[in-house]
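Residues: numbered from 1 along the sequence shown.
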Amino acid sequence: MIEINLTAVTHGTFLAIKHMSKENAGSGGVIINTGSVAGLRAIPRLPVYAATKHGVVALSRSLAKNPKVSGENIRINVLCPQFVDTVLVRNHKSYGSEIVLEDQTFIPISLVAEAFMKLVEEDRTGQAMVITENGISVHKFASVAKASTL
């Protein structure tokens with residue numbers, strides 16, 4: 001789970017930054033990583049999953065605030081949906097994991113696509129777009145620490 005959810009996203013993000021940079025004849029762009037609402041709160045039944053998604057959120061926000069990345073005209077954001085109604089989730093339930101997914105509301109993939117397009121089209125960076133049965137919203141984080149205060 002760590003390799004797929006965090007390590008692969010980290011490598012992919014740095015590869016995208018490399019190819020979008022002026023140093024490689026790029027002209028910037030938008031990177032949208034896939035997090036989860038599990039990356040914004042504690043999930044006692046899925047601690048490793050939650051840890052990886054917290055990592056994706058922190059990676060995305062930290063890189064978005066990095067002067068080298070923002071100076072390349074690269075915007076980085078993260079999608080944080082709750083459980084999405086996909087074949088993978090349906091199959092997960094059919095293999096005996098109902099206890100983890102019980103009482104969950106599943107959102108349609110079209111709502112995730114809508115949030116994705118908002119992040120592409122709107123001038124945002126370093127934000128987490130939350131997608132739940134209540135709709136799409138931007139997560140409110142505490143202010144980011146300056147490097148001199150760390």
Side-chain angles (χ1 to χ4, degrees), residues 1-92 101 104-150:
M1 191 170 296
I2 292 168
E3 287 297 313
I4 292 170
N5 288 356
L6 183 57
T7 304
V9 172
T10 300
H11 288 301
T13 302
F14 279 104
L15 186 62
I17 291 168
K18 177 182 174 184
H19 287 284
M20 291 177 180
S21 72
K22 295 171 190 155
E23 180 179 303
N24 290 304
S27 58
V30 180
I31 298 170
I32 300 173
N33 289 323
T34 303
S36 168
V37 292
L40 302 171
R41 61 180 85 141
I43 308 292
R45 291 183 179 169
L46 299 168
V48 176
Y49 179 80
T52 64
K53 294 304 184 173
H54 274 270
V56 170
V57 170
L59 171 78
S60 302
R61 293 185 65 229
S62 297
L63 285 172
K65 301 299 182 189
N66 183 301
K68 183 174 179 353
V69 174
S70 60
E72 293 282 353
N73 195 31
I74 298 171
R75 295 186 296 113
I76 304 175
N77 292 292
V78 60
L79 287 172
C80 294
Q82 68 180 54
F83 283 111
V84 181
D85 187 16
T86 64
V87 172
L88 180 66
V89 170
R90 282 188 232 114
N91 286 346
H92 187 68
L101 300 175
Q104 293 295 321
T105 302
F106 298 93
I107 59 169
I109 192 73
S110 60
L111 197 56
V112 178
E114 182 182 336
F116 177 89
M117 290 309 298
K118 282 180 180 269
L119 289 176
V120 168
E121 295 170 347
E122 296 176 4
D123 189 22
R124 300 175 179 271
T125 193
Q127 296 193 335
M129 187 75 73
V130 180
I131 308 108
T132 68
E133 71 273 8
N134 296 323
I136 300 168
S137 62
V138 175
H139 185 74
K140 301 291 183 205
F141 290 101
S143 62
V144 177
K146 293 187 179 182
S148 62
T149 63
L150 296 177

Any non-hydrogen side-chain atom of K53 less than 4.5 Å from a side-chain atom of I43?
no
Mark yes when over 12 heavy atoms from residues, nucleotides or ligands other than L15 sit less than 6.0 Å from its CG; otherwise mark no.
yes
Mind checking whether M129 and V78 have side chains closer than 4.5 Å, heavy atoms only?
no
Which atom pair, heavy atoms only, marks the closest approach of I107 to P81?
CD1-CB, 4.0 Å
Pairwise distance CZ(R61) to CG(N66) - rounded to 0.5 angstrom
14.0 Å
Student check: side-chain heavy atoms of V30 and L119 closer than 4.5 Å
no
Interatomic distance, K118 atom NZ to I32 atom CD1 [nearest 0.5 angstrom]
12.5 Å
Can you confirm whether T34 sits close enough to V56 that some side-chain heavy atom of one is under 4.5 Å from a side-chain heavy atom of the other?
no
Can you confirm whether F116 sits close enough to I136 that some side-chain heavy atom of one is under 4.5 Å from a side-chain heavy atom of the other?
no
What distance do K140 atom NZ and Q127 atom CD have between them, rounded to the nearest 0.5 Å?
7.5 Å
From L79 atom CG to L111 atom CG, the distance as rounded to the nearest 0.5 Å:
10.5 Å
L59 CG to N33 CG distance, which is reported to the nearest 0.5 Å:
6.5 Å
Using a 3.5 Å distance criterion without hydrogens, assess whether the side chain of H54 forms a donor-acceptor pair with backbone atoms of R41.
yes
Nearest heavy-atom contact between L6 and G55 is CD1-C, 3.6 Å
Shortest non-hydrogen contact between V84 and P108, atoms and distance:
CG1-C, 4.3 Å
Are more than 12 heavy atoms, taken from residues, nucleotides or ligands other than F141, located less than 6.0 Å from that residue's CZ atom?
yes
Nearest heavy-atom neighbours spanning M1 and V48
SD-C, 4.1 Å
Residues V130 and V37: closest non-hydrogen pair is CG1-CG1, 3.9 Å
Which pairs count as side chain to side chain donor-acceptor pair (under 3.5 Å) when at least one residue sits in residues 68-78, sequence neighbours excluded?
none
Once you round to the nearest 0.5 Å, how far does CD of E3 lie from OG1 of T52?
11.5 Å
Any I76 side-chain heavy atom under 4.5 Å of I17 side chain
yes
For the student: nearest non-hydrogen atoms of V57 and G39, plus distance:
CG2-O, 3.9 Å
